[in-house]
2 protein chains.
Amino acid sequence: MNSSTPGVPLRADAARNVTQIRAAAIAAFRGRGLGTPLEEIAAAAGVSKATVYNRFGGRDGLIDAVIGELVAAELHAIMDRARWVDDPWQAVATYVGDRRDLQFREPAFTDALLMLYPNSAQLVALATAATDMTERLLRRGHDAGVLREDFTAGDLYYADVANGLALRALRTPSREDYDRRTRFFIDGLHPR
Amino acid sequence: MNSSTPGVPLRADAARNVTQIRAAAIAAFRGRGLGTPLEEIAAAAGVSKATVYNRFGGRDGLIDAVIGELVAAELHAIMDRARWVDDPWQAVATYVGDRRDLQFREPAFTDALLMLYPNSAQLVALATAATDMTERLLRRGHDAGVLREDFTAGDLYYADVANGLALRALRTPSREDYDRRTRFFIDGLHPR
DNA sequence: GGATAACTTGACGCTAGGGTCAAGTTGACG
DNA sequence: CGTCAACTTGACCCTAGCGTCAAGTTATCC
């Protein structure tokens, strides 16, 4: 369990395993979410389950090791994009739409939203950053009077969780259907 | 497994058990959804798990035996109410709002929506009836031009599943928050 | 090329829940 | 009040997944 202790370098075989496990975990998490059985990931990496525990200390450590590559980068890109949109309404619409898009492409994002594995430090940091961003954007929209006044950050969170879970529970909708539903939601955010 | 064979009446003790198991199942399904462990229901009814299998033949049979009392009656009431609303927009709004209300009160409704246990004949019948009703109401709304033209029965289904799953995954929201979110959704259904 | 610390792993124990059955108990009927 | 079919049940097996460890293997360094 010291893939993250640069002071003592790993032995060559162990380093190779770390690489393979990370790759397998990323692929598996992409396809099945952060709850994928560790045994399956181990098998895909060509090692035994125990090695995953040795190298990463369990699911939380493994998530910590790959969450950046999986969603942190994308989510930060989404936040940056929203930050640079001048029009307050467009900023909200872009942000909400981009989050939906990420949900469609990355089931793991929904697990991250749900904080199913809150022992991952990276995940906690991500959640905090995203919540901040959401609150800032909504305040801008409210102040400018372009956003329904009774719409809160909690409402967006709830809607995203709902959408993510449905996406997983149901057979994946066509992109067209999905985008139309996203549009319904965004349209509902205009002031009444 | 013959609680439903009126030709051969049950022995007194068996009949008593059927009653107790039904009651326990209804309470458990109300609280935890249709997936509640049968062992738990058996314990609450004061019988062993095997007796539940003897009397009802497993989860599907048990659901069939109580789904009416759990949600069929309520859902039919909702459909009737919508049928008698003259204004096409109000009919849709009432129907959608009432379904959301039922979801809030009855987690089992979401399981029924998801058809998690499609071997229950009653559940299949319910689903068919509800889908019909939805389609009829939406057509009325579209024809009257009071409902967003691109809103479909599938969209309503997706939204309800999403809402039900979020309701279960997250800590239950206040009634106020919940109703506000329902309002967002309904407001989004007006024509653009 | 040997010593040894680092590393890997098969086999194991644990939990939760589904489902079944032989053996025992009991209600109902003559 | 005895007989027997109806009924109940504890004990069992099965699956899926998590997490651990003693014993064996191997990379590395001298």
Side-chain angles (χ1 to χ4, degrees), chain A residues 1-25 28-29 31-65 108 111 116-120 168, chain B residues 1-25 28-29 31-65 108 111 116-120 168:
Chain A
M1 212 261 275
N2 59 3
S3 61
S4 52
T5 322
V8 184
L10 288 175
R11 226 170 70 176
D13 52 349
R16 198 185 328 121
N17 286 338
V18 164
T19 308
Q20 281 163 350
I21 293 169
R22 285 186 91 255
F29 288 163
R32 296 242 259 134
L34 302 184
T36 312
L38 293 188
E39 253 166 320
E40 195 172 297
I41 293 172
V47 302
S48 91
K49 181 175 49 144
T51 297
V52 176
Y53 282 91
N54 287 340
R55 292 293 124 236
F56 295 93
R59 186 181 304 282
D60 289 339
L62 188 52
I63 290 175
D64 236 58
D111 292 327
L116 248 37
Y117 308 97
N119 296 315
S120 159
R168 185 163 322 167
Chain B
M1 212 260 276
N2 59 2
S3 60
S4 50
T5 322
V8 183
L10 288 175
R11 229 170 68 174
D13 51 349
R16 198 184 329 119
N17 285 339
V18 165
T19 308
Q20 281 164 349
I21 293 170
R22 285 187 91 255
F29 288 163
R32 296 244 258 131
L34 301 184
T36 312
L38 293 187
E39 254 168 317
E40 195 173 296
I41 292 172
V47 302
S48 91
K49 181 174 48 145
T51 297
V52 176
Y53 281 91
N54 288 339
R55 292 295 123 236
F56 295 93
R59 186 181 304 282
D60 289 340
L62 188 52
I63 290 175
D64 235 58
D111 292 327
L116 248 36
Y117 309 98
N119 298 313
S120 158
R168 184 162 323 165

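Chain naming here is simple, since letters A, B, ... match the order of the sequence lines and numbering starts at 1 in each. Please read these numbers as outputs of a predicted model, since none were measured by experiment.
Across every non-hydrogen atom of B/Arg55 and B/Ala14, the tightest pair is NE-CB, 3.9 Å. Annotation for B/Arg32 and B/Pro37: closest pair NH2-CD, 3.5 Å, computed over non-hydrogen atoms. Closest of all the heavy-atom pairs between A/Arg59 and A/Thr36 is NH1-O, 2.7 Å. The minimum heavy-atom distance linking A/Val52 with A/Ala42 is given by the pair CG2-CB, 3.7 Å. In terms of heavy atoms, A/Ala28 sits closest to A/Ile41 at CB-CG1, 3.7 Å.
Judged by distance alone, with hydrogens and angles left aside, the side-chain atoms of A/Arg22 form a donor-acceptor pair with the main-chain N or O of A/Ala65 at under 3.5 Å.
Here the P atom of nucleotide C/dA6 and the CZ atom of A/Arg55 are 11 Å apart, to the nearest Å. Protein atom CG of A/Asn54 is 13 Å distant from nucleotide atom C1' of C/dG10, rounded to whole Å. Following rounding to the nearest Å, B/Tyr53 (OH) and D/dC12 (C1') show an atom-to-atom distance of 14 Å. Between the CG atom of B/Leu34 and the P atom of C/dG18 there is a distance of 13 Å, given to the nearest Å. Going from atom CG of B/Leu116 over to atom P of C/dG18 covers 13 Å, rounded to whole Å. Between the CG atom of B/Asp60 and the P atom of C/dG18 there is a distance of 12 Å, rounded to whole Å. Look at CD1 on A/Ile21: it is 12 Å from C1' on C/dC7, rounded to the nearest Å. If you measure from atom CD of A/Gln20 to atom P of C/dC7, you get 15 Å, rounded to the nearest angstrom.
For the segment residues 38-51 of chain A, the set of residues with a heavy atom within less than 4.0 Å of an atom of DNA chain D comprises A/Leu38, A/Lys49, A/Ala50, in numerical order.
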- Per-nt protein contacts along nucleotides 25-30 of chain D (heavy atom under 4.0 Å; B base, S backbone sugar-phosphate only, - none) come out as -BSS--
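A salt bridge links B/Arg168 to B/Asp111: at least one charged side-chain nitrogen sits closer than 4.0 Å to a carboxylate oxygen.
In this structure the side chain of A/Ile63 never reaches within 4.5 angstrom of the side chain of A/Phe56, judged on heavy atoms.
Donor-acceptor pairing under 3.5 Å is lacking for the side chains of B/Ser120 and B/Asp60.
Nearest-nucleotide assignment on DNA chain D puts the 5′-proximal partner with B/Ala14, out of B/Ala14 and A/Thr36.
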